[in-house]
Amino acid sequence: MHFLRLVFALSSASIAAAWTTYIVPHSGGNDDTLALAAALSANKALATNATILFQTGITYNILTPIAFPKFQNVIVSIQGNITYAADVKKTQAIVASSSFPGHWFTFSGTNVTLTGSQDPNWGWVNANGQKWWDAMQKVSSRVNRPHGWSFKGVQTGEIVNMKLWQPVAWSFSVTGSNNVHIHNNTIIAVSYSSSFPSNTDGFDAEGTNLVFENNIVYNGDDCLAVGSPASNIVFRNSYCNGGHGLSIGSLGKGGSVANVQDILIENVVMENSVYGARFKSWTGGKGTAKNVTWRDITLINVQLPIYITQHYWDQDVSQGSTNSSYQTSTYLDTFTFQNFQGTIDDSKGNGVTGSTGKEVVIFDLFQGTSKSLIAKDISTTTVSGSNVMVMCDSSTVSNDVGFKCWDGQYEPTIAGA
Ligand SMILES: *[C@@H]1O[C@H](CO)[C@@H](O)[C@H](O)[C@H]1NC(C)=O
Ligand SMILES: *[C@@H]1O[C@H](CO)[C@@H](O)[C@H](O)[C@H]1NC(C)=O
Ligand SMILES: *[C@@H]1O[C@H](CO)[C@@H](O)[C@H](O)[C@H]1NC(C)=O
Ligand SMILES: *[C@@H]1O[C@H](CO)[C@@H](O)[C@H](O)[C@H]1NC(C)=O
Ligand SMILES: *[C@@H]1O[C@H](CO)[C@@H](O)[C@H](O)[C@H]1NC(C)=O
Ligand SMILES: *[C@@H]1O[C@H](CO)[C@@H](O)[C@H](O)[C@H]1NC(C)=O
């Protein structure tokens, strides 16, 4: 009995002692990445059973990227503020260099937590995006922009309570990861000039068993963009304002083979967005996207609530392929759009050739490249009060899609009512 107690006491003491908390040092106007990188490289113990703390009360200058070592059981806690360099040209030179890790903050390993602060005044990461947006209104000048936060190949992880203020572009990217919970994060990519915050994606998601919930995103590109490969991804209980929608894709670029399945997007408010739910795949793409559901979506002034296109192209580069021997794309199998309610902003147009700007749904498909697509329980009105429309080519669909498939007024059918 005594012996057992002693063993227990010793082992719990050694577990407690094994946890290290490292406070990231800060020095004046210097680049705080340097001291952190030196500490991480000198002290390998910081990569296991450790907390790396950016402490409250301090505004850190992270003027060069941080690629953390492969972690095991590590918490990176952002309780202080962080700012990027204000100098766009210097930062571009860093992104252009061959040693750039691809993101400003890179995480990998097992059981990795990235947490922000719940104090409204602290824990903000200010990337000085406004300077970039103002400098880069011309498409050709949009080069060497730093991506934000990468969870790459993380096995079990969490991103919680992070707050991004004016990220330059592409906020969070979770790729090749499994079992990651991304919740309660805030992204404010709002421009205070006439410059558009281009490519400020909220969450880019690839991997397996990813749950995104309770996130708030104001931005100028996809709120969510699911890439390939991806399976079992949930995005729910969130708010997206101003961006390009809850997207799957773009898939199949350059003829690549997409593999996306079991995606559920539910209970999201989309406000002032170009699209609500969007699927985009490139002409010539291969592979399949299967079992994808968007449901319980509230629309407030959304230009186009539901949009599938297999004719995706980069709007900055060209008008898409007109090559007739290229008329195919990633296959769509079982897509459900259910319970979309709210208003369509029909004052701006939706950018789709031939549309009226009053469509609730546009299915832009090749022939024989999809099955079991359905949009049901749809209840929307246009802001102007004119009729809600749809665009759909009946030669491209193989089932009752829930509404009369034509270019005309929205009329629910048996499957859609
Ligand atoms: C880290 O902590 C776990 C217990 O959570 C322990 O099993 C493991 O040995 C520790 N690793 C190191 C390197 O201290
Ligand atoms: C995972 O990391 C957390 C800290 O974020 C730690 O409390 C927990 O013990 C770790 N899990 C395992 C299985 O080591
Ligand atoms: C989410 O963030 C808000 C504001 O920072 C905070 O009040 C709330 O407790 C957080 N929720 C969780 C689950 O951490
Ligand atoms: C932290 O950064 C945010 C966003 O830039 C800012 O609003 C806030 O005032 C900063 N907090 C402090 C205490 O400086
Ligand atoms: C479809 O995906 C959902 C998760 O999004 C999953 O719960 C369900 O089992 C999948 N259905 C099939 C038939 O695989
Ligand atoms: C059209 O695409 C096919 C298949 O990729 C290719 O072989 C052909 O050269 C393309 N034609 C033109 C005019 O680009």
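We use all heavy atoms of the structure for the numbers below, so side chains are in, but hydrogens, waters and symmetry mates are not. Whatever order the structure lists ligands and atoms in, that order sets their numbers, starting from 1. Positions are given from 1, in the same order as the sequence printed here.
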Practice item. Please list all pairs passing the side chain to side chain donor-acceptor pair (under 3.5 Å) test where one or both residues lie in residues 38-49, with sequence neighbours left out. Key: Asn49-Asn73
**Study point:** Residue pair Gln310 / Leu332, side-chain heavy-atom distance below 4.5 Å
**Key:** yes
Exercise for review: Side-chain contact test, heavy atoms from C-beta onward, threshold under 4.5 Å: evaluate it for Ile75 versus Trp19 and give yes or no.
Suggested key: yes
For ligand 2, list all ligand N or O to protein N or O distances below 3.5 Å, rounded to 0.1 Å.
unit_1: ligand 2; atom_1: 2 (O); unit_2: Asn111; atom_2: OD1; d: 3.2
unit_1: ligand 2; atom_1: 2 (O); unit_2: Asn111; atom_2: ND2; d: 2.4
unit_1: ligand 2; atom_1: 11 (N); unit_2: Asn111; atom_2: ND2; d: 2.8
unit_1: ligand 2; atom_1: 14 (O); unit_2: Asn73; atom_2: OD1; d: 3.3
unit_1: ligand 2; atom_1: 14 (O); unit_2: Asn73; atom_2: ND2; d: 3.2

Check your understanding: For the residue pair Phe105 and Phe172, is the inter-centroid distance of their aromatic rings smaller than 6.0 Å?
Key -> no
**Study point:** Between Tyr312 and Phe279, ring centroids under 6.0 Å
**Key:** no
Point to revise | ligand 5 atoms in contact with Leu264 (distance to a heavy atom under 4.0 Å) | key: 5 (O)
Review point. With atoms numbered from 1 as shown, which atoms in ligand 5 lie under 4.0 angstrom from a non-hydrogen atom of Ile263?
Key: 5 (O)
Practice item. Quick one: look at Ile233 and ligand 5, take heavy-atom pairs under 4.0 Å, and tell me if it's side chain, backbone, both or neither. Key: neither
Review point. Does anything in residues 38-74 pair up under ring-ring contact (aromatic ring centres under 6.0 Å, His included), and if so which pairs, sequence neighbours excluded?
Key: His26-Tyr60, Phe54-Tyr60, Phe68-Phe71, Phe68-Phe107
Exercise for review: Provide the full list of salt bridge (charged side-chain N to carboxylate O under 4.0 Å, His left out) pairs with a residue in residues 395-417, sequence neighbours left out, each pair given once.
Suggested key: none
Check your understanding: Is there a nitrogen or oxygen of Asn232 sitting under 3.5 Å from a nitrogen or oxygen of ligand 5?
Key -> no
Review point. Any ion pair linking Arg278 and Asp222 (charged N to carboxylate O, less than 4.0 Å)?
Key: yes
